[in-house]
Amino acid sequence: MNVIVYKNYEELSEAVAEKMLLQISLKPDSVFCLASGNSTELCYQILVKKIVENSVDISKCSFVGLDEWVGIPPSNSGSCHYFFNKNLFEPLAMDASQIVVFDGMSNNLEEECEKMDRTIKQKGGIDFMIVGVGMNGHIGFNEPGVSTDYYSHVIQLDEVTQSVGQKYFDTPTKLQNGITLGLKYFLESKTAVLMANGAKKADIIKKTLEGKVDINIPATIIHNHQNVLVAIDEAAFGKTSAD
Ligand code: GLP
């Protein structure tokens, strides 16, 4: 495990965007799995700018969405799909064949999981995975106590996730279940990056970095990954201006 502490959110975002570009140049048909959320948003915006400015060919890349709220349509600005449309898919005019996301509105979520697993398998697995960390230590919607043996699965959301998740929505929204790539995908990804910024993440980052694998803090699974970078800013590392 490699840990890099960047000065601030901007430098962290810039650095991870550069790593994504490097990945694309090394393997033009890379399969990315990406988390939505505040931690990763600026990184994708910087990535888009660099791709457009430098005419980087991403036509062979695929982008897999890590998770989705069950029952929330892509038209809802709080959905993960909306986030990706806005920050990546539309600005890069991606072809539908490059985009792999869960349909949280499906009335057969089991089939939705099977479809996701089939597609990732067909594409040869995940080359580069970017995850955030929830306030309760979740990765994707792999909530505390989850099994590490799952590929795609549906899960009841933890109370912390239900309440913290409100930040993405314009109006109070009932968030009960999530559909997510499981931790098995995280462990099998060839390269993984865990991103976190801000003082509010300092406590969970400390627990994640210090502890051994404890499934009550799913992010501690990073200790079992062969090639993972923890990319955080000083605030998430617990550094205060007084330090
Ligand atoms: C959310 C999402 C994750 C995300 C994490 C952190 O609930 N399910 O995919 O990475 O929690 O979110 P944020 O970056 O907004 O803090």
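Atoms within each ligand, like the ligands themselves, are counted from 1 in listed order.
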Mark up the atoms of ligand 1 that fall under 4.0 Å of a heavy atom belonging to [X], in ascending order.
X	answer
Phe141	7 (O), 8 (N)
Lys201	13 (P), 16 (O)
Gly37	14 (O), 15 (O)
Val133	6 (C)
Ala35	9 (O), 10 (O)
Tyr168	1 (C), 12 (O), 13 (P), 15 (O)

Sub-4.0 Å heavy-atom contact, [X] with ligand 1:
X	answer
His138	yes
Glu41	no
Ser36	yes
Lys167	yes

Checklist entry - Does a sphere of radius 6.0 Å around NZ in Lys200 hold more than 12 heavy atoms from other residues, nucleotides or ligands, not counting ones at 6.0 Å or beyond? => result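 Above 12, so yes.
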Item to check | From Thr161 atom OG1 to His138 atom NE2, the distance as rounded to the nearest 0.5 Å | outcome: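 Between Thr161 OG1 and His138 NE2, I get 4.5 Å after rounding to 0.5 Å.
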Item to check | side chain to side chain contact (heavy atoms under 4.5 Å, CB included) between Met195 and Ile232, worked out | outcome: CA-CA 6 Å; Met195 292 179 77; Ile232 54 180; over 6 Å; no
Checklist entry - Under the ring-ring contact (aromatic ring centres under 6.0 Å, His included) criterion, do Tyr151 and Tyr185 qualify, and how do the steps go? => result CA-CA 6 Å; Tyr151 285 106; Tyr185 278 119; 4.9 Å; yes
Checklist entry - Any side-chain donor-acceptor pair under 3.5 Å between Ser62 and Gln98? => result no
Item to check | Leu181 and His153, any side-chain heavy atoms less than 4.5 Å apart | outcome: no
Next on the checklist: Counting C-beta onward and ignoring hydrogens, is there a side-chain heavy-atom pair between Ile126 and Lys190 closer than 4.5 Å?
Outcome noted: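 No, their side chains stay 4.5 Å or more apart.
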Next on the checklist: Quick check on side-chain contact (heavy atoms from CB on, under 4.5 Å): which of Thr40, Leu88, Leu66, Val64 does Leu34 satisfy it with?
Outcome noted: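 Running side-chain contact (heavy atoms from CB on, under 4.5 Å) over Thr40, Leu88, Leu66, Val64 with Leu34 returns exactly one hit, Leu88.
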Checklist entry - Should the ring pair His81 and Phe89 be called parallel, tilted or perpendicular, given that the plane angle runs from 0 to 90° and is split at 30 and 60? => result perpendicular
Checklist entry - Between Phe83 and Tyr44, how do the two ring planes meet: parallel, tilted or perpendicular, split at 30° and 60°? => result perpendicular
Checklist entry - Is Asp67 touching ligand 1 with its side chain, its backbone, both, or neither, if touching means heavy atoms under 4.0 Å apart? => result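 For Asp67, the contact with ligand 1 is made by the side chain alone.
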Checklist entry - Between Thr161 and ligand 1, does any nitrogen or oxygen pair lie at a separation below 3.5 Å? => result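 It does not: no N or O of Thr161 is found under 3.5 Å from an N or O of ligand 1.
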Next on the checklist: Below 3.5 Å, N or O to N or O, backbone or side chain included: is there any such pair between Trp69 and ligand 1?
Outcome noted: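 Looking only at distances, the answer is no, because the N/O contact criterion of under 3.5 Å is not met.
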Item to check | Shortest reach to atom 10 (O) of ligand 1 by a heavy atom, considering only Gly140, Gly132, Gly134 | outcome: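 Closest candidate by heavy-atom distance is Gly132.
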Item to check | Nearest protein heavy atom with distance in Å, relative to atom 14 (O) of ligand 1 | outcome: Ser39 OG, 2.5 Å
